[in-house]
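Take a look at the structure set out below.
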Amino acid sequence: MKVKIDVDMTPMEARELMGLPDVRPMQEAWLDKMNSKIEEHMEQLTPEAMIQNWMKAAGGNAEIFSDFMSAFMNMASKN
């Protein structure tokens with residue numbers, strides 16, 4: 001014997017029926033916090049700020065590469 005029961009309810013009603021907590025306030029608070037964090041750091045995401053950060057890193061990399069090449073040339077000249 002097969003018994004089939006169709007229940008038409010909203011997700012909120014299903015959560016209440018199963019005894020699950022309503023997490024909407026927690027989700028909304030989390031989203032508000034994330035939005036405020038994004039807004040705090042928005043000026044760091046401008047193209048100008050990103051290029052400045054990249055150039056700082058690239059300058060250090062160029063110096064490291066230069067030091068590496070100097071050391072390599074010094075080793076080659078000793079042989």
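We count residues from 1, following the sequence as given. Below, all heavy atoms of this structure are taken into account, side chains as well, without hydrogens, waters or symmetry copies.
Rounded to the nearest 0.5 Å, atoms CE (M34) and NZ (K37) are 8.5 Å apart. Here the CG atom belonging to L20 is positioned 10.5 Å from the CE atom belonging to M12, to the nearest 0.5 angstrom. Here the CG-CE distance, from L31 to M26, works out to 10.5 Å after rounding to the nearest 0.5 Å. Atom CE in M75 sits 6.5 Å away from atom CZ in F72 (nearest 0.5 Å).
A distance-only check finds no donor-acceptor pair linking the side chain of E28 to the backbone of P25 [under 3.5 Å].
Residues I38 and M42 have side chains in contact (heavy-atom distance under 4.5 Å, counting atoms from C-beta outward).
Residue M9 places its CE atom among more than 12 non-hydrogen atoms of other residues, nucleotides or ligands, all under 6.0 Å distant.
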Taking only distance into account, with no hydrogens and no angle test, what donor-acceptor pairs under 3.5 Å do side-chain atoms of residues 1-8 form with protein atoms, sequence neighbours excluded?
none

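Scanning for side-chain contact (heavy atoms from CB on, under 4.5 Å) contacts around S36 gives an empty result, with sequence neighbours left out. For the side chain to side chain donor-acceptor pair (under 3.5 Å) test, residues two or more places apart in sequence or in another chain that qualify with D22 are R24.
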